[in-house]
Trainee: 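My structure is below; once you've seen it, I'll send some questions.
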Protein chains: 2
Amino acid sequence: MAHEPQRRALARYLEEHNLKHTRQRELILDAFLDVQGHITSDDLYQRIRETEPQIGYTTVYRTMKLLCEAGLAAERHFDEGSTRYEIAHDHHDHLVCTRCGTIVEFECEMIEKTQEEIAKRYGFQILRHRHELYGLCEKCQGVLKRPPSELA
Amino acid sequence: MAHEPQRRALARYLEEHNLKHTRQRELILDAFLDVQGHITSDDLYQRIRETEPQIGYTTVYRTMKLLCEAGLAAERHFDEGSTRYEIAHDHHDHLVCTRCGTIVEFECEMIEKTQEEIAKRYGFQILRHRHELYGLCEKCQGVLKRPPSELA
DNA sequence: CCTCAATTTGAAAATGAATTTCGTTTTCGG
DNA sequence: CCGAAAACGAAATTCATTTTCAAATTGAGG
């Protein structure tokens, strides 16, 4: 039942912004950290309601935004539609399996540098970017190679 | 009033799929090609209704999907929200100005290759990808550098 | 502890893009 | 020209998300 550093970070953020420290906010932070990222607000809401049925999904949505502002979470929009949240950490990009939904993070210094060069060429000043590779993870490639009879 | 090659491509696609050749489809194709891409269905609908007020926006949405299937248009989802369509052509990625909305296309062989290497490292087979650089175009950097008094 | 203004909560309603429904109209092969 | 199939378009629906608003909670100052 820990996540002490993040709890303290949240507490600090709330104080600094004259916001209130509520049971719900602590609860949602804990649940979010437990699942280890790349989760939608709704998934998180479903999980939390199992043990805390009185919590509203509006509050989960609102709190995830708050955690982003506090620098504890980061919003991501993959092709599938709904917003996902990951635990905020160093810059990185993603590989997304279009069959099973697995999300793997990667980082590539060389691509980052090349992007800067491209931006310069067009006179742009890059503020952020989005780089997602969609395809099949190792497991799903295997599954799709089997004869049709073996497929569910 | 031309776009003959694309009109013929659409006609061929419709025939091959036992779909019907309608005035609306031709109209929407023409309007789409006229604006030179990166337009939303709704923008396109607004434009078309100026000269053809009886056309429904449902038809515009449906037809843009059709043009994608026919390989004449391609769907793009930038951060701002609604789906944009561009004229289908060789693979490329985008620079997007977050202030004025200007969209510039770029292509980088080196990044493409690097992506493949990254995918291999994680056992992924890439099917498609999305690479967007968000920032300020040259013009907007200039505007934002002026003293506040000059800003609208 | 108490009070009370400010904030937060949560249910319900609203939003906005996109899709579906369905009765009517159009297309096109015979 | 006929009629079945396809397409149209207005309206309703969906789905994720945001907003609204009355009631509940928080926490600073007494």
Side-chain angles (χ1 to χ4, degrees), chain A residues 7 10-29 31-32 38-70 73-85 101, chain B residues 7 10-29 31-32 38-70 73-85 101:
Chain A
R7 282 186 183 205
L10 175 60
R12 194 178 333 118
Y13 180 85
L14 293 173
E15 273 175 47
E16 280 169 3
H17 295 259
N18 294 311
L19 299 174
K20 292 178 176 173
H21 194 285
T22 65
R23 209 176 60 81
Q24 289 91 328
R25 287 174 174 170
E26 188 108 334
L27 221 65
I28 293 167
L29 171 62
F32 168 62
H38 299 124
I39 195 170
T40 65
S41 291
D42 195 66
D43 285 350
L44 198 57
Y45 166 63
Q46 299 301 343
R47 259 166 186 277
I48 293 173
R49 100 200 300 227
E50 281 171 25
T51 51
E52 308 284 334
Q54 80 301 338
I55 213 158
Y57 71 109
T58 311
T59 303
V60 179
Y61 271 95
R62 276 192 287 230
T63 303
M64 288 319 297
K65 288 209 154 242
L66 176 74
L67 295 184
C68 289
E69 283 155 27
E75 232 181 271
R76 292 284 181 173
H77 301 265
F78 299 113
D79 275 4
E80 125 256 17
S82 26
T83 306
R84 288 181 179 274
Y85 292 92
Chain B
R7 282 186 184 205
L10 175 60
R12 192 179 333 117
Y13 181 85
L14 293 173
E15 273 174 47
E16 280 168 4
H17 294 259
N18 293 312
L19 300 174
K20 291 179 177 171
H21 195 285
T22 66
R23 210 175 61 81
Q24 288 91 330
R25 286 175 174 171
E26 188 108 334
L27 221 64
I28 293 167
L29 171 62
F32 168 62
H38 300 122
I39 194 169
T40 65
S41 290
D42 195 65
D43 285 350
L44 197 57
Y45 166 62
Q46 300 301 342
R47 259 166 187 277
I48 292 173
R49 100 200 300 227
E50 281 172 25
T51 51
E52 309 283 334
Q54 80 302 340
I55 212 159
Y57 73 110
T58 311
T59 303
V60 178
Y61 272 95
R62 276 191 286 228
T63 303
M64 289 318 298
K65 287 212 154 243
L66 177 73
L67 295 184
C68 288
E69 284 155 27
E75 231 180 274
R76 292 285 182 173
H77 301 265
F78 298 113
D79 275 4
E80 125 256 16
S82 26
T83 306
R84 288 181 180 273
Y85 293 91

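Reminder, nothing fancy here: chain letters follow the sequence lines and each chain counts from 1. It should be emphasised that the depicted structure is a prediction, and the values quoted were computed from it without experimental measurement.
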Trainee: Contact class for T83(B) vs. all strands (heavy atom < 4.0 Å): base, sugar-phosphate, or nothing?
Mentor: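 Sugar-phosphate contact only - T83(B) comes under 4.0 Å of backbone atoms but never of a base.
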Trainee: Heavy atoms within less than 4.0 Å of DNA chain C: which residues of residues 11-27 of chain A have one? Give them sorted by number.
Mentor: L19(A), K20(A), T22(A), Q24(A), R25(A)
Trainee: Atom CG of L10(B) to atom P of dA7(D): distance rounded to whole Å?
Mentor: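 In whole Å, dA7(D) P lies 11 Å from L10(B) CG.
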Trainee: Give the residues of residues 58-66 of chain A touching DNA chain C, defined as any heavy atom closer than 4.0 Å, sorted by residue number.
Mentor: T58(A), T59(A), R62(A)
Trainee: When rounded to the nearest 0.5 angstrom, what distance separates OH in Y61(A) from CG in L44(A)?
Mentor: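 CG of L44(A) is found 10.5 Å from OH of Y61(A).
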Trainee: Separation of E75(B) atom CD from dT19(C) atom P, in whole Å?
Mentor: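 Interatomic distance, CD of E75(B) to P of dT19(C): 7 Å.
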Trainee: Testing the basics here: between L66(A) and R25(A), what is the closest heavy-atom pair and its distance to 0.1 Å?
Mentor: CD2-NE, 3.6 Å
Trainee: Please report the closest heavy-atom contact between T83(B) and H77(B), naming both atoms and the distance.
Mentor: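 Closest heavy-atom pair between T83(B) and H77(B): OG1-CE1, 3.3 Å.
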Trainee: Once rounded to the nearest 0.5 Å, what's the spacing between atom OG1 of T59(A) and atom CE of M64(A)?
Mentor: 13.0 Å
Trainee: H17(A): which residues meet the ring-ring contact (aromatic ring centres under 6.0 Å, His included) condition with it, sequence neighbours left out?
Mentor: Y13(A)
Trainee: For residues A31(B) and I48(B), report the shortest heavy-atom separation together with the two atoms involved.
Mentor: CB-CG1, 3.6 Å
Trainee: Quick one: closest heavy-atom pair of T63(A) and I28(A), and the distance?
Mentor: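 Heavy atoms only, the tightest pair is OG1-CD1, 3.5 Å.
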Trainee: Using whole Å, report how far CZ of R84(B) lies from C1' of dA17(C).
Mentor: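 Atom CZ in R84(B) sits about 13 Å away from atom C1' in dA17(C).
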Trainee: Rounding to an integer number of Å, can you tell me how far Q46(A) CD sits from dA16(D) P?
Mentor: 11 Å
Trainee: Y57(A) OH to dT20(D) P: how many Å, rounded?
Mentor: 15 Å
Trainee: Can you see which heavy atom on Y85(B) is nearest to which on S41(B), and at what distance?
Mentor: CE1-OG, 3.2 Å
Trainee: I need the full list of salt bridge (Lys or Arg N to Asp or Glu O under 4.0 Å) pairs touching residues 73-85 of chain A, with sequence neighbours left out, sorted by first then second residue.
Mentor: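 Counting only pairs at least two positions apart or across chains, the salt bridge (Lys or Arg N to Asp or Glu O under 4.0 Å) contacts touching residues 73-85 of chain A are R76(A)-E86(A), D79(A)-R128(B), D79(A)-R130(B), E80(A)-R84(A).
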Trainee: If I take atom OH in residue Y45(B) and atom P in nucleotide dA18(C), what distance separates them, rounded to the nearest angstrom?
Mentor: 15 Å
Trainee: So, for Y45(B) and G56(B), which heavy atoms are closest and what is the spacing to 0.1 Å?
Mentor: CE1-C, 3.8 Å
Trainee: Distance check needed: dT17(D) P versus H77(A) NE2, whole Å only.
Mentor: 8 Å
Trainee: Quick one: which residue pairs count as a salt bridge (Lys or Arg N to Asp or Glu O under 4.0 Å) with a foot in residues 41-56 of chain B, not counting sequence neighbours?
Mentor: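 Residue pairs with at least one partner in residues 41-56 of chain B: R23(B)-E52(B).
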Trainee: Output the rounded distance in Å from CZ (F78(A)) to C1' (dA16(D)).
Mentor: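 It works out to 17 Å between those atoms.
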Trainee: For the helix from dC1(C)-dG30(D) to dG30(C)-dC1(D), how many degrees between its two end axes (five pairs per end), to the nearest 10°?
Mentor: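 About 20°, once rounded to a multiple of 10°.
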